[in-house]
A.B. asks: 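Pasting in a structure now, in structure tokens, and then I'll have a few things to ask.
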Amino acid sequence: MNPVVQVKDLETTFFLKSGPFKAVNRISYEINQGETLGIVGESGCGKSVTSFSLMKLIEKPGMVTNGEFLLNGRNILTLKDREIEDVRGGQMAMIFQEPMTALNPVLTIGYQMDEQIKKHLRLSDQDSRDRAIEMLQLVGIPSAKERYAAYPHQLSGGMRQRAMIAMALSCNPKFLIADEPTTALDVTIQAQILELFQSLQEKMNMTVQFITHDLGVISEVSDKMMVMYGGQTCEMGPTQDIINSPAHPYTAALILSRPQHGHRVERLRTIEGSVPAPHELPKGCPFANRCPNVLADCWTIKPPRLPITGKPGRTLACFNPL
């Protein structure tokens with residue numbers, strides 16, 4: 001299959017007074033048509049910076065310092081500001097983590113949707129309004145005409161998130177990035193949003209990059225997953241294969257630390273230690289200072305990401321795997 005998304009050696013660096021640090025350190029992956037890649041890892045591992053880099057939303061003191069992002073063969077990272085405005089919101093779109101901060105509080109939902117629809121679909125005022133209301137209905141918002149005229153603060157958290165999904169999908173993007181779209185919602189609303197998300201993806205045959213720290217969500221929505229730590233890729237492959245038989249010690253620790261259905265425990269398992277600051281990462285494997293399987297080489301040599309023998313589609317960056 002020809003991948004819709006190809007990310008090659010992506011590197012994003014922040015230049016601070018204390019010195020430069022790489023928030024994303026030479027990561028590569030591909031996503032095929034209609035496929036969902038789930039990106040998982042602890043807070044601060046580089047998940048969101050990766051997505052903001054692809055959308056060209058990194059601001060100073062950060063910048064993309066290496067790599068390519070090909071969307072249907074076109075390198076998005078080389079586009080100028082005016083060119084990226086024609087792509088962002090049209091060919092690719094993003095659902096942000098917190099809709100209350102992503103939506104403009106002084107503009108109605110309809111106004112914000114119309115602005116994007118008119119720009120990318122070139123519709124008239126009436127057709128744009130009809131399209132916006134149609135999308136609000138599609139994502140399950142009741143009384144869509146009234147919600148179209150509402151301000152963000154007049155909607156519940158779940159309704160705001162649905163409005164964000166409607167806005168992101170309104171111009172039929174080829175590639176959608178969802179950055180922890182259910183984190184701020186309670187579990188009931190979260191389940192509804194995930195079900196909606198999957199049905200819309202299937203209906204529109206979208207290519208999706210889904211970011212979360214929740215392995216339960218990843219196992220439900222993604223075809224394959226990428227585990228990140230310290231701005232680097234630890235492990236990648238089919239989602240259920242990795243969850244059932246993790247090879248990287250960090251992946252295994254993440255899986256063991258989540259609650260198990262039907263099992264009562266006094267305390268949940270945790271990963272010893274904490275994520276080091278970017279300038280304190282080991283020169284070798286970023287997980288070395290927390291890894292129970294650490295070897296001498298892990299501290300000084302960065303393990304390459306290589307295919308796992310006998311496991312099609314699986315790759316791993318570890319000198320001493322499970």
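Here the structure is a predicted model, which means the values were calculated and not measured.
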A.B. asks: Which atoms form the tightest heavy-atom contact between I39 and I218, and what is the distance?
C.D. replies: N-CD1, 3.9 Å

A.B. asks: Examine distances only and state if a side-chain atom of N320 and a backbone atom of N293 form a donor-acceptor pair shorter than 3.5 Å.
C.D. replies: yes

A.B. asks: Taking Y29 as the fixed residue, which of Q209, K8, Q6 is the one that meets the side-chain hydrogen bond (donor to acceptor under 3.5 Å, both in side chains) rule?
C.D. replies: Q209

A.B. asks: Checking R129 side chain against D114 main chain: does a donor-acceptor pair fall under 3.5 Å?
C.D. replies: no

A.B. asks: Show your reasoning for whether side-chain contact (heavy atoms from CB on, under 4.5 Å) applies to F175 and I31.
C.D. replies: CA-CA 9 Å; F175 176 44; I31 317 176; 4.1 Å; yes

A.B. asks: In Å and rounded to the nearest 0.5 Å, what is the OG1 to CD distance from T212 to E180?
C.D. replies: 5.0 Å

A.B. asks: At their closest point, which heavy atom of G231 faces which heavy atom of I27, and how far apart are they?
C.D. replies: O-CG2, 3.5 Å

A.B. asks: Please check: side-chain N/O of S219 versus main-chain N/O of G216, any donor-acceptor pairing under 3.5 Å?
C.D. replies: yes

A.B. asks: Hey, mind stepping through L254 and I271 against side-chain contact (heavy atoms from CB on, under 4.5 Å) and telling me if it holds?
C.D. replies: CA-CA 8 Å; L254 283 177; I271 305 174; 4.1 Å; yes

A.B. asks: So, the side chain of T36 versus the backbone of D223: is there a donor-acceptor pair under 3.5 Å, distance only?
C.D. replies: no

A.B. asks: Ignoring hydrogens, what is the shortest heavy-atom contact between I193 and G158? Give both atom names and the distance.
C.D. replies: CD1-O, 4.1 Å

A.B. asks: Mind checking the CG-CZ spacing from D297 to F319? Nearest 0.5 Å is all I need.
C.D. replies: 6.0 Å

A.B. asks: Quick check: do E280 and N289 have side-chain heavy atoms less than 4.5 Å from each other?
C.D. replies: no

A.B. asks: Are side-chain heavy atoms of M92 and I76 found at a separation under 4.5 Å?
C.D. replies: yes

A.B. asks: Does L79 form a side-chain contact (heavy atoms from CB on, under 4.5 Å) with F69? I'd like the steps, not just the answer.
C.D. replies: CA-CA 11 Å; L79 299 183; F69 162 38; over 6 Å; no

A.B. asks: Is the shortest heavy-atom distance from the side chain of T65 to the side chain of F15 under 4.5 Å?
C.D. replies: yes

A.B. asks: For the backbone of C171 and the side chain of Q116, can you confirm whether one donor and one acceptor N or O come within less than 3.5 Å of each other?
C.D. replies: no

A.B. asks: How long is the gap from CZ on F14 to NZ on K60, to the nearest 0.5 Å?
C.D. replies: 13.5 Å

A.B. asks: Using the side-chain contact (heavy atoms from CB on, under 4.5 Å) rule, take I95 and Q161 through it: C-alpha gap first, then chi angles, then the decisive distance, then the call.
C.D. replies: CA-CA 8 Å; I95 302 170; Q161 195 59 278; 3.5 Å; yes

A.B. asks: Is atom CD of E195 surrounded by more than 12 heavy atoms (other residues, nucleotides or ligands) closer than 6.0 Å?
C.D. replies: no

A.B. asks: When you measure from the side chain of K22 to the backbone N and O of E11, does any donor-acceptor pair fall under 3.5 Å?
C.D. replies: no

A.B. asks: If you measure from the Lys or Arg side-chain nitrogens to the Asp or Glu carboxylate oxygens, is any gap between K119 and D86 under 4.0 Å?
C.D. replies: yes

A.B. asks: Write down the atom of P152, the atom of L103, and the distance for their closest heavy-atom approach.
C.D. replies: CG-CB, 3.9 Å

A.B. asks: Under a 4.5 Å side-chain heavy-atom rule over Ile, Leu, Val, Met, Phe, Trp and Tyr, are M135 and M159 clustered together?
C.D. replies: yes

A.B. asks: Taking D125's backbone N and O only, do any of them form a donor-acceptor pair with S128's side chain (distance below 3.5 Å, no angle check)?
C.D. replies: no

A.B. asks: Report yes if the side chains of F287 and T251 come closer than 4.5 Å at any heavy-atom pair, otherwise no.
C.D. replies: no

A.B. asks: Indicate if W299 and V275 have the same hydrophobic cluster label, given that clusters are the connected sets of ILVMFWY residues with side-chain heavy-atom separations under 4.5 angstrom.
C.D. replies: no

A.B. asks: For L281 and G230, which heavy atoms make the closest approach, and how far apart are they?
C.D. replies: CD1-O, 3.8 Å

A.B. asks: Looking only at non-hydrogen atoms, find the nearest pair between G310 and P312 and report the distance.
C.D. replies: O-CD, 3.6 Å

A.B. asks: Quick check: does any side chain N or O of E42 sit under 3.5 Å from a backbone N or O of Y229, one acting as donor and the other as acceptor?
C.D. replies: no

A.B. asks: Is there a donor-acceptor contact under 3.5 Å from the side chain of H248 to the main chain of A317?
C.D. replies: yes

A.B. asks: Got T12 and F52 here, is their nearest side-chain heavy-atom distance under 4.5 Å?
C.D. replies: no

A.B. asks: Would you call R290 and E272 a salt bridge, taking side-chain N to carboxylate O under 4.0 Å as the test?
C.D. replies: no

A.B. asks: Between D81 and K56 (salt bridge meaning N to carboxylate O under 4.0 Å), is one present in this structure?
C.D. replies: no

A.B. asks: What distance separates I189 CD1 from L196 CG, expressed to the nearest 0.5 Å?
C.D. replies: 11.5 Å

A.B. asks: What's the separation between atom CD1 in I242 and atom CE in M225, rounded to the nearest 0.5 Å?
C.D. replies: 5.0 Å

A.B. asks: Is the shortest side-chain heavy-atom distance between L71 and V4 below 4.5 Å?
C.D. replies: yes

A.B. asks: Please tell me whether V24 and M55 are part of a single hydrophobic cluster in this structure, the criterion being side-chain heavy atoms less than 4.5 Å apart.
C.D. replies: yes

A.B. asks: Can you measure from CE (M113) to CE (M164) and round to the nearest 0.5 angstrom?
C.D. replies: 11.0 Å

A.B. asks: Verify the distance criterion only: is there a donor paired with an acceptor across the side chains of R305 and Q232 at less than 3.5 Å?
C.D. replies: no

A.B. asks: Main chain of V217, side chain of D214: is a donor-acceptor contact present, judged purely on distance under 3.5 Å?
C.D. replies: yes

A.B. asks: Out of curiosity, does V40 fall in the hydrophobic cluster containing L37 (side-chain heavy atoms, cut-off under 4.5 Å, transitive links)?
C.D. replies: no

A.B. asks: Under a 4.0 Å threshold between the charged nitrogen and the carboxylate oxygen, would D241 count as salt-bridged to K311?
C.D. replies: no

A.B. asks: Quick check: is V227 connected to M236 through a chain of hydrophobic side chains (ILVMFWY, heavy atoms under 4.5 Å apart)?
C.D. replies: no

A.B. asks: Please examine the side chains of D130 and Q126, heavy atoms only from C-beta on, and report whether any two atoms are closer than 4.5 Å.
C.D. replies: yes

A.B. asks: Does a side-chain heavy-atom distance below 4.5 Å link P249 with C318?
C.D. replies: yes

